[in-house]
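Heads up, the thing below is written out as structure tokens.
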Amino acid sequence: MLLSVLAASLEEVAATSSRRAKAEVVAGVLRAAASGGADEREVVVRYLEGELRQRRTGLGWRSLADPPSPATEPVLEVLDVDTAMASAAVQSGTGADGRRRRLLQDVLAAATAPEQRLVAGLVSGELRQGAQRGVLVEGLALAAGVPAAAVRRALTLSGDVAEVAATALGAADPDAARSALAAVALRLGRPVSPMLAASAPSLAAALERTGTALVEWKLDGVRVQVHRDEQGVRVWTRTLEEVTARLPEVVAAVAALPARTLVLDGEVLALRRRGPDDEGTEASTGDAGGGSEVGTEAGTGAGAAPWRARRPAPFQQTSSRVATRRPGDPGGPAAAGADGTGSPDPLQLVLFDVLHRDGEDLLDAPQLRRREVLLDLAPDLAVPGVAGSAEDPAAAAALSAAALALGHEGVVVKAAQAPYAAGRRGAAWVKVKPRLTLDLVVLAVEHGSGRRRGTLSNLWLGARDPHGRFGPEGGFVMLGKTFKGLTDTMLAWQTERLRALAVADEGGVVRVRPELVVEIALDGVQTSPRYPAGLALRFARVLAHRPDKPAAEADVVEELERLHAAAAGPA
DNA sequence: TTCCGACAGTGGGGTCGCAAT
DNA sequence: ATTGCGACCCCACTATCGGAA
């Protein structure tokens, strides 16, 4: 298939806002690709959802500066691009960047203007055509003549778009496609798309949405899916990247469970080192839930699971461990102990779901049934949980209070009868986290892009620094940015207001007089290597503009330091 | 030779508008 | 009305390469 065919189609997709119309165009391309080879079809499928086939190429937005002038005639094949990217991906050592960029430049030089836009979008990961996996699924369904739900189901169970596309498009007719898709099942060694959670502002609101529920701690860690079969144990992240070699403690913990085959869902996190100061904490949280456990008496007590009484370490510590490659990892160090730093602190595995045990798939089993299986299988690794409902929320409230007192994020409320809805952010799981608010001052603002082009969007936020600890006396210290929470009306208002306050436009960043106060919601304050106070906002979003409030009444940096210290818990 | 900055690619994430239901 | 999806971009981390010290 010529790249120009794909490029023209994607321009068409970008030009309409109708989801249906986008899917129709996608379906047309898929039908055309069906006559080509399997390799080409896979590349077309990936490009339709806006991604290269290579997970890492070493090329990004920076490599796209100074593109050559576009070609006038379309000559490139879709596979030409894939070949170049595959070649870029395997470059290493001295001169690798140069060789990668030359490969990209050569492709761009042979591409017409629309083709250049497509390639640039794929390389930068920002195609922004209003079509990603969701639209691709609908297009696949149209092309194969099957319901979108059939494709979606197969995709969440296989986790592999190309494989599902081959299954759907390779069938002789719609009936055959339908049964081929229906035959896709959970398979050991192939991760499923993890179930995601919606969020609610309060426990009551969450219980209102779920009805009778299982309420569990929400931990601030990294999501893991663990499979165990006769070959051993393997571990994947939320985006289905395999991290088995990095998490030997997870492998060991699951290998020790009394089962032959397993698929588990959970979280890994770093815990604070235990010191003498923690003894009291542990004793006081012996019953971490305060309510009756679902399915067992001992589920929430520390008992054989001392981790339940330990405070979590900052997320950065967990992140660091999960991101560090180890022997056995692709690209990891060749041998153990070469750096002489010894073993890092182990991560704790905490489980909250079981999707398969010893030949039995549990995806469609009710939440409470899966909880029973989990508590039977791994009582010491199970996250604390209790039953809850809008009518009787006391136990759930106590569990939430206990989680927060220990320094965890909050709770997840799970509809008691819901199946494991792989890949969906449905209403069956609802997370509830406390929200902090601060009044901060806008120090600068960035020009918006995409649908925010022409507006002043991303706010640079600062707190008052009245003692001049991080700058001139009586000034402000920057703590982070946010573009979230703004309605179009708010966006228009702040654009006008900030233009009036502008003092300089420094290439994309408009400096303003520090006069506009904004009410900001955030999940917490974290240490920062980036900002002068050594602190940054976590998940900041705008709640409201406060033109009525003078900047002199905004929060001070010492308040953030207090919040940061409080998160670490009692000394 | 060693150090450091820039870039790429992971992890964590909230809220909006729009189309479809 | 509600839901699903894509867009909007955040901060943290590690790994890698290339050039400065």
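Lettering follows sequence order; numbering is per chain, from 1. Note that these values count all heavy atoms, side chains included, but never hydrogens, waters or copies made by symmetry.
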### Message
If a pair means Watson-Crick or G-U wobble with both distances below 3.5 Å, what does DNA chain B look like in dot-bracket form, with | marking bases paired to a different strand?
### Response
||||||.|||||.||||||||
### Task
Would you mind reading off the distance between A:Arg20 atom CZ and B:dC18 atom C1', rounded to a whole angstrom?
17 Å
### Query
Does a nitrogen or oxygen in the side chain of A:Asn458 sit under 4.0 Å from OP1 or OP2 of C:dC8?
no
### Query
What is the distance from CG of A:Leu196 to C1' of B:dG12, rounded to the nearest Å?
13 Å
## Note on the structure
Contacts of A:Glu561 meeting salt bridge (Lys or Arg N to Asp or Glu O under 4.0 Å) (sequence neighbours excluded), chain-then-number -> A:Arg469
### Query
Just checking, A:Arg223 and A:Phe352: is the charged tip under 6.0 Å from the six-membered ring centre and within 45° of the axis?
no
### Task
Calculate the interatomic distance between A:Gln132 atom CD and C:dG6 atom C1'; express it in whole Å.
6 Å
### Query
Does A:Arg451 or A:Ala540 map to a spot on DNA chain B nearer the 5' end, using the closest nucleotide for each?
A:Ala540
### Task
Could you tell me whether A:Glu11 atom CD has more than 12 heavy atoms of other residues or ligands within 6.0 Å of it?
yes
### Query
Can you tell me how far C1' of C:dA7 sits from CD of A:Glu49, to the nearest Å?
16 Å
### Task
Scan side-chain atoms only and decide if A:Glu446 and A:Trp460 contain a donor-acceptor pair under the 3.5 Å cut-off.
yes
### Summary
By nearest-heavy-atom nucleotide on DNA chain B, the more 5' of A:Phe483 and A:Glu138 is A:Phe483
### Query
Can you tell me if the side-chain N/O atoms of A:Trp61 get under 4.0 Å from OP1 or OP2 in B:dA8?
yes
